[in-house]
Structure formats: C-alpha cells, structure tokens
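The chains referred to below are lettered A, B, ... by the order of the sequence lines, with proteins before strands, and numbering in each begins at 1.
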Protein chains: 2
Amino acid sequence: MKRRENGGSTANALLGLLTLKPMSGYDIRALTERSIGHFWSESYGQIYPGLRLLEKEGLVEKMTKQSAGRPEKNVFSLTRDGRERLKAWLDLPPVHEVPRSELLLKLFFGHHAPEGANLRHIEAVRDAHQQGVEIYKTMERRLKLEEAGDPQLPYWLMTLSFGRHRSQALVDWANESLDQLRVLEKKKKSAKK
Amino acid sequence: MKRRENGGSTANALLGLLTLKPMSGYDIRALTERSIGHFWSESYGQIYPGLRLLEKEGLVEKMTKQSAGRPEKNVFSLTRDGRERLKAWLDLPPVHEVPRSELLLKLFFGHHAPEGANLRHIEAVRDAHQQGVEIYKTMERRLKLEEAGDPQLPYWLMTLSFGRHRSQALVDWANESLDQLRVLEKKKKSAKK
DNA sequence: GGGTGCATGTAATGGGTTACATGATTCT
DNA sequence: AGAATCATGTAACCCATTACATGCACCC
C-alpha cells in the first residue's frame, strides 16, 4: 500500500476523468485541458505513472487497442473498486490551500517598484480576466447546447460559473485599483517636481 | 550562480519582507502569517536556507544580536544590491499559474458523489468566505488607522481589497450553486420514488 | 514539572513540471 | 521535405511542507 499524504488528488482526478469514458494517458491529457483546465492540470509525468499505480491497486483496467495506422494505445477504464474509491473521496471535504499569487506579492511591495510597473501588471490581469469572463460565457452557452440532457451538465456549469464569478471579481478589483494607482503615481510625480 | 527556474519568488519575497525592517528567519515567518498570509506562505524549510543563499549572493547581510534572556538571533538586512535585485524583479510581469482547486475538481464529478456531499462542501466554502469578507473589512479598517501616513499603505490595502472581492465573489457563487443543487437533489429523490 | 514562546536549523518526503527519447503517420 | 498530431514513457529537477532535533526562559 502506497502512502498518499495529500489525499491523492491526482489519483482521484484520474479516476474521475475515467468516469467520462475509457481513455489513454494521452487522451486524458488532452481532455483535461479542455474540460477542467481552468482549475486543474495534469502533466504526463503525473499521468502515466499515476495510471500504472492505479492499475496495480486494481482501480483501473488496461486494454491495449490497435487502430489502423496509429501507434498502439493503452486504454484504461474504471473498475468497480475504482468507482467506489472515487465516491469515497468525493465525500471527503476538499482540502483548501491558500493560492500563492505572485501578482499580490509584487503589489504588496509596490512602493518599491519602478515607475509604471504596478499599473502594467494590473492592466494585464484586468485584460486577461475580461477575456476570461467572455470565454466562460461562451463555454456555458456551448455546453448547454452540446450536452443538453446529460445529468452531469449542471455540475460542469457550476465550475464554469465559478470561473466567471472569480474573473469578474478580479476585473472589478483591477479597475478600482487602477484608479487608485493612477492617483498615487500622479502625486509622486508632482511631489518630485 | 544558482539557477532559479521559477524566477525566485521565494527569494524575492524574502527581500521584499526585509524592506519592512531587518528581521530574523523566525520574525519573517511570524510576519508573513499576519501580513501576506492570505496570498503567500513561507515555511522554515524555505526561509532559513533561502536567507543563507541570499547572504552568499551578497543581497542580505547578517548581524548577530544578543538580547537579555533570549536565544541568539540572526538578524538580516537588505544590502544595496538586494534592493536593486528586488526592484528589477518587481518590474517583471508576474507569472500567473492556474490555481488548483480540489473543490471544483470534486464538484466537476459531483454527479458521482454520495448524497449531500456537494451541498456540504459548498456550504463550507460559503461560510469560510463569508467570514473572510468580514475579516478583510476589519483588517482594512485597522490598517487605515494604525498605518495612516505610511506610503506603503495604499498597496497593502489593495491586496486586502483583492481578498475581499474574491471572497465576496465566492459567497455569491456558492449561494447560486446551492440553490441549483437543492433543486437537483430534490429531483433525484422524487425520481427514485 | 509542564506548557508556551523564542530561536535555528536539517532530513525526509511528497508532489509536480520540463525536457528528453522514440517513432509512426498524415497533412502541407 | 518538414511540421503537426498521435502516443508512451522516464529522468532530472525544483519547489515546498512536515516532522524532527535542540535548547533556553518564563509563567503557572
């Protein structure tokens, strides 16, 4: 039995993804980017060894698939044990960790920054999250059409809504902060003269 | 020269903190929790070796301090080079990494969760962030009084405002999602009967 | 005598990304 | 001819937390 100190988020993410359909490591990587990419990421260095561990524990099953003119593919699917393990994990309260933000770290020391740096950084996040809001909205519309009727749809939409709320909050914050910064920088300039 | 692949956030966080006043590793740890704890964390395992590296590079200076009835203290202060290094780093655009959220991961697979689990998880974040909003507000009020006149105050307030905006967004999102979840769970129950 | 706070540090461990190695096929 | 996509995997690193080891002083 392998110890998993952190609750095995990665392992369970793999199990979760395999509920969608049987997949290879390669498939999983591609899918994560399109589906849960805005709040989760997995790299090959995690996925391939992870799948092997899960197989050893009997939580997933490997089947080798041959397709015409394609490399061989190792397709994994959930076992009954795997499904149960996932369910048990979903029941546990998610561990919350304080996200590290380099932006805020820099802003906290903003008084020592070269002129204009703070403004530039915040403008960048405002632009990024303004785009973010639009992206979330179009994704929500698309999902509602494409996956209509799927019992999982409401949950997927909630994660998108989360992203939209967060991005919108950051846009609002950025605009407020930019106003204040502009006043500050003006004061600094006039004080210098 | 030591390679620092990630831009040396930790090293620069240490430099930044030492602009506030000369401090020991122990002081730094204590201060981080109270000041930048809501978006950054440093552990002893990072701080002590980090300070040594910075000393070797000539970016900080160590002075040993003896106090009556206290253990010996290694107090570090910024050098001119350290100040410059910090300034250069502040100028660079902050690297943004997608924060991993175990909550969203679980919610994405919420259809497979045991009854009530999703509601429980979201209620917990709602409560936590509702508290968060209040904490940020009182911290803002306190800072404005205690640090009135400090040229760094506006920057510190902006980081608090960030936290408040984000927490408020999460509360709003949580309440929306809880409404939807309650409808969903009711449907599931009546479908079972 | 025992808990708490001050103070410094290392070792073990865990979790994760990036770069590399390999090689076929398909599209331009 | 060369780029892109499909596909699997490992090794080297980096970053970070946790637990541990040590010890004094102060208060209850």
**OP:** Name the residue closer to the 5' end of DNA chain C, choosing between B/R100 and B/V75 according to the nucleotide with the nearest heavy atom.
**Re:** B/V75
**OP:** Give the rounded distance in Å between these two atoms: CG of A/L53 and C1' of C/dG15.
**Re:** 13 Å
**OP:** Would you check if the side chain of A/K106 reaches a backbone N or O of B/W89 as a donor-acceptor pair within less than 3.5 Å?
**Re:** yes
Throw together a table of side-chain donor-acceptor distances under 3.5 angstrom for residues 147-158 of chain A, partners on residues two or more places apart or in other chains.
unit_1 : atom_1 : unit_2 : atom_2 : d
A/D150 : OD1    : A/Q152 : N      : 2.7
A/Y155 : OH     : B/K188 : NZ     : 3.4
A/W156 : NE1    : B/F108 : O      : 3.3

Original post:
Nearest-Å distance, CD (B/Q46) to P (D/dT18)?
Top reply: 12 Å
**OP:** Could you state the atom-to-atom distance from CD of B/E102 to P of C/dG15 in whole Å?
**Re:** 11 Å
Original post:
Choosing from C/dT8, D/dT5, D/dT17, which nucleotide comes nearest the side chain of A/Y26?
Top reply: D/dT5
Original post:
Counting just side-chain N and O atoms, does B/T10 come under 4.0 Å of either OP1 or OP2 of D/dA16?
Top reply: yes
**OP:** Provide, to the nearest angstrom, the distance between the CZ atom belonging to B/F76 and the C1' atom belonging to C/dG9.
**Re:** 11 Å
Please write out the pairs of protein N or O atoms and N or O atoms of nucleotides 10-12 of chain D separated by less than 3.5 Å, giving the distance to one decimal.
unit_1 : atom_1 : unit_2 : atom_2 : d
D/dT10 : OP1    : A/R52  : NH2    : 2.6

Original post:
Could you give the CG-to-P distance, from B/L31 to C/dC6, as a whole number of Å?
Top reply: 13 Å
Original post:
Does OP1 or OP2 of C/dT17 have a side-chain N or O of A/S41 closer than 4.0 Å?
Top reply: yes
Subject >> Qualifying residues under salt bridge (Lys or Arg N to Asp or Glu O under 4.0 Å), relative to A/D91, sequence neighbours excluded >> reply: B/R120
**OP:** Could you go through the side-chain contact (heavy atoms from CB on, under 4.5 Å) check for A/V125 and A/L103 one step at a time?
**Re:** CA-CA 9 Å; A/V125 299; A/L103 169 76; 3.8 Å; yes
**OP:** Report the distance from atom CG of A/L14 to atom P of C/dG16, rounded to the nearest whole Å.
**Re:** 11 Å
Subject >> Nucleotide nearest B/S24 when distance is taken to its side chain, options C/dT8, C/dG15, D/dA7 >> reply: C/dT8
**OP:** Nearest whole angstrom, please: distance from the P of C/dG5 to the CZ of B/R29.
**Re:** 14 Å
**OP:** Compute the bend angle of the helix from C/dG1-D/dC28 to C/dT28-D/dA1 from the end axes (five pairs per end), rounded to 10°.
**Re:** 20°
**OP:** Could you list the residues that satisfy salt bridge (Lys or Arg N to Asp or Glu O under 4.0 Å) with B/E140, not counting sequence neighbours?
**Re:** B/R164
Subject >> Where at least one partner belongs to residues 126-139 of chain B, residue pairs that pass side-chain hydrogen bond (donor to acceptor under 3.5 Å, both in side chains), sequence neighbours excluded >> reply: B/H129-B/S167
Subject >> Pairs satisfying side-chain hydrogen bond (donor to acceptor under 3.5 Å, both in side chains), at least one member in residues 23-44 of chain B, at least two apart >> reply: A/R100-B/E42, B/T10-B/E42, B/S24-B/D27, B/D27-B/K73, B/R29-B/E33, B/W40-B/E42
Original post:
Could you give the NZ-to-P distance, from A/K73 to D/dT5, as a whole number of Å?
Top reply: 16 Å
**OP:** Give a yes/no on whether any side-chain N or O of A/S9 is located under 4.0 angstrom from OP1 or OP2 of C/dG15.
**Re:** no
Original post:
Yes or no on side-chain contact (heavy atoms from CB on, under 4.5 Å) for A/L78 and A/L59, after CA distance, side-chain angles and deciding distance?
Top reply: CA-CA 6 Å; A/L78 274 185; A/L59 305 176; 5.9 Å; no
Original post:
When you measure from the side chain of A/N74, which nucleotide among C/dA7, D/dT8, C/dT17 comes out closest?
Top reply: D/dT8
Original post:
What pairs with B/E84 under salt bridge (Lys or Arg N to Asp or Glu O under 4.0 Å), at least two apart in sequence or on another chain?
Top reply: B/R80
Subject >> Under 4.5 Å side-chain linkage, directly or through intermediates, the cluster mates of A/V75 >> reply: none
